[in-house]
2 protein chains.
Amino acid sequence: MDTEERVLTNLRKGIVEFCVLAIIGEGSAYGLALARRLEADGLVASESTLYPLMARLRMAGLVDSEWQESDAGRPRKYYTLTDAGREALRAFQSTWEPLRDAVDRTLRRPS
Amino acid sequence: MDTEERVLTNLRKGIVEFCVLAIIGEGSAYGLALARRLEADGLVASESTLYPLMARLRMAGLVDSEWQESDAGRPRKYYTLTDAGREALRAFQSTWEPLRDAVDRTLRRPS
DNA sequence: GACGTTATCGTGTATTGCAAGGTATGGCAA
DNA sequence: TTGCCATACCTTGCAATACACGATAACGTC
């Protein structure tokens, strides 16, 4: 893995998790659709990041999942936000904003 | 490690590295001083994150280091930015900004 | 010389992103 | 019905790295 990729990889750590919560908070979504959307935004590199992540979120009780038929193709597993998930999302916002601002300040350097 | 801490830990990944470059870009600094400043901003948890990081930056040729006497106490190892370091810092800004904006957009939900 | 302070650094563990590959289902065309 | 492709989910293994914990070293003070 070259340097540039590693930088992005590390930056994404811990961020995607909450972007997923935010997205399904707006309405349920299934795995591959989530993966594609996040890939388009540069937030994940592939599905192999997403599936283990969804499993962790489920284990943590932040999302529920449910199989649903599809008009075309295989059944899909749809995820929805639990109350704990909504709470975690709120908590994340309070964490993200100060961190983001600390980075911006440091990069901009008012010394 | 509890959940809350893990969230912060993951968020910090890949961010501190460039905050360090930004700080020493303003003038050389030594390890412990860097660590204290970054701890105050919530960007690292302890020196044990910083020293291995500085070693990596040095290996990558992004910083140089030099021992200097101190008025009081042990000698300190001062770090300075190399040209490659300055370049990496510029490159990071181009990576950070879109990512930060993608996160903000996703959290704020214009869907 | 014992002790506290300042400073740098090493070891071990846990987390996790991702590449690569595996499995299952449905649609479609020859 | 056979073959093939797209869709969809998931697993394995590796590599990167944050951090707790602790070691080591130099200096000053009593």
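Below, read A as the first sequence line, B as the second, and so on, with proteins coming before strands; counting in each chain starts at 1.
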Using modelled atom types only, decide if a donor and an acceptor are shared between the side chain of [X] and the backbone of [Y] within a distance under 3.5 Å.
{"X": "B/Ser28", "Y": "B/Ile24", "answer": "no"}
{"X": "B/Thr82", "Y": "B/Asp64", "answer": "no"}
{"X": "A/Arg12", "Y": "A/Gly42", "answer": "yes"}
{"X": "B/Thr49", "Y": "B/Ala45", "answer": "no"}

Quickly work out the [X] [atom1] to [N] [atom2] distance and round it to whole Å.
{"X": "B/Arg6", "N": "D/dA18", "atom1": "CZ", "atom2": "C1'", "value": "13 Å"}
{"X": "A/Phe18", "N": "C/dT16", "atom1": "CZ", "atom2": "P", "value": "10 Å"}
{"X": "B/Glu39", "N": "D/dA18", "atom1": "CD", "atom2": "C1'", "value": "13 Å"}
{"X": "B/Glu17", "N": "D/dA16", "atom1": "CD", "atom2": "P", "value": "12 Å"}
{"X": "A/Met59", "N": "C/dT16", "atom1": "CE", "atom2": "P", "value": "12 Å"}
{"X": "B/Leu34", "N": "C/dT6", "atom1": "CG", "atom2": "P", "value": "17 Å"}
{"X": "B/Leu38", "N": "D/dA18", "atom1": "CG", "atom2": "C1'", "value": "13 Å"}
{"X": "B/Leu8", "N": "D/dT17", "atom1": "CG", "atom2": "P", "value": "19 Å"}

Under the ring-ring contact (aromatic ring centres under 6.0 Å, His included) test, residues paired with B/Phe18 that sit two or more places apart
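Partners of B/Phe18 by the ring-ring contact (aromatic ring centres under 6.0 Å, His included) criterion, ordered by chain and then number, come out as B/Phe92.
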
Transitive ILVMFWY cluster of B/Leu32, excluding itself - 4.5 Å side-chain cut-off:
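Under the 4.5 Å side-chain rule, B/Leu32 groups with B/Tyr30, B/Tyr51, B/Tyr78.
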
Under 4.0 angstrom between [X] side-chain N/O and [N] OP1 or OP2:
{"X": "A/Arg12", "N": "C/dT16", "result": "no"}
{"X": "B/Thr9", "N": "D/dC19", "result": "yes"}
{"X": "B/Ser46", "N": "D/dC19", "result": "no"}
{"X": "A/Asn10", "N": "D/dT17", "result": "yes"}

Using a strict 4.0 Å threshold on nitrogen-to-oxygen distance, state whether B/Arg6 and A/Glu17 make a salt bridge.
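Judged by the 4.0 Å cut-off on N to carboxylate O distance, B/Arg6 and A/Glu17 do form a salt bridge.
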
Any non-hydrogen side-chain atom of B/Leu53 less than 4.5 Å from a side-chain atom of B/Val44?
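No; the side chains remain at least 4.5 Å from each other.
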
Within the 4.5 Å heavy-atom criterion, are B/Leu62 and B/Leu81 side-chain neighbours or not?
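No. Closest side-chain heavy atoms not under 4.5 Å.
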
Does A/Val16 or A/Glu69 map to a spot on DNA chain C nearer the 5' end, using the closest nucleotide for each?
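On the 5' side of the pair lies A/Val16.
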
Criterion salt bridge (charged side-chain N to carboxylate O under 4.0 Å, His left out) on A/Arg90 and A/Glu87, from CA distance to verdict
CA-CA 5 Å; A/Arg90 263 194 298 277; A/Glu87 177 53 33; 3.0 Å; yes

Measuring from A/Asp83:CG to A/Arg86:CZ, what's the distance to the nearest 0.5 Å?
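One gets 5.5 Å once the value is rounded to the nearest 0.5 Å.
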
Under the side chain to side chain donor-acceptor pair (under 3.5 Å) rule, collect the residues that match up with A/Arg58, sequence neighbours excluded.
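Scan of A/Arg58 (side chain to side chain donor-acceptor pair (under 3.5 Å), adjacent residues dropped) gives A/Ser65.
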
Would you jot down, in residue-number order, the residues of residues 91-99 of chain A having a non-hydrogen atom under 4.0 Å from DNA chain D?
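Hits under 4.0 Å, by residue number: none.
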
Name the pairs: protein N/O against N/O of nucleotides 7-9 of chain D, kept only if under 3.5 Å.
from, atom 1, to, atom 2, distance (Å)
D/dA8, OP1, A/Tyr30, OH, 3.3
D/dA8, OP1, A/Arg76, NE, 2.7
D/dA8, OP1, A/Arg76, NH2, 2.5
D/dA8, OP2, A/Tyr30, OH, 3.3
D/dA8, N3, A/Arg74, NH1, 3.3
D/dC9, OP1, A/Lys77, N, 3.1
D/dC9, OP2, A/Leu32, N, 2.6
D/dC9, OP2, A/Tyr51, OH, 2.6
D/dC9, O5', A/Tyr51, OH, 3.3

Could you go over nucleotides 12-14 of chain D and give all protein N or O partners under 3.5 Å, atom names and distances?
none

Out of D/dA20, C/dG17, C/dC18, which nucleotide sits closest to the side chain of A/Lys13?
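Between D/dA20, C/dG17, C/dC18, the one nearest the side chain of A/Lys13 would be C/dG17.
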
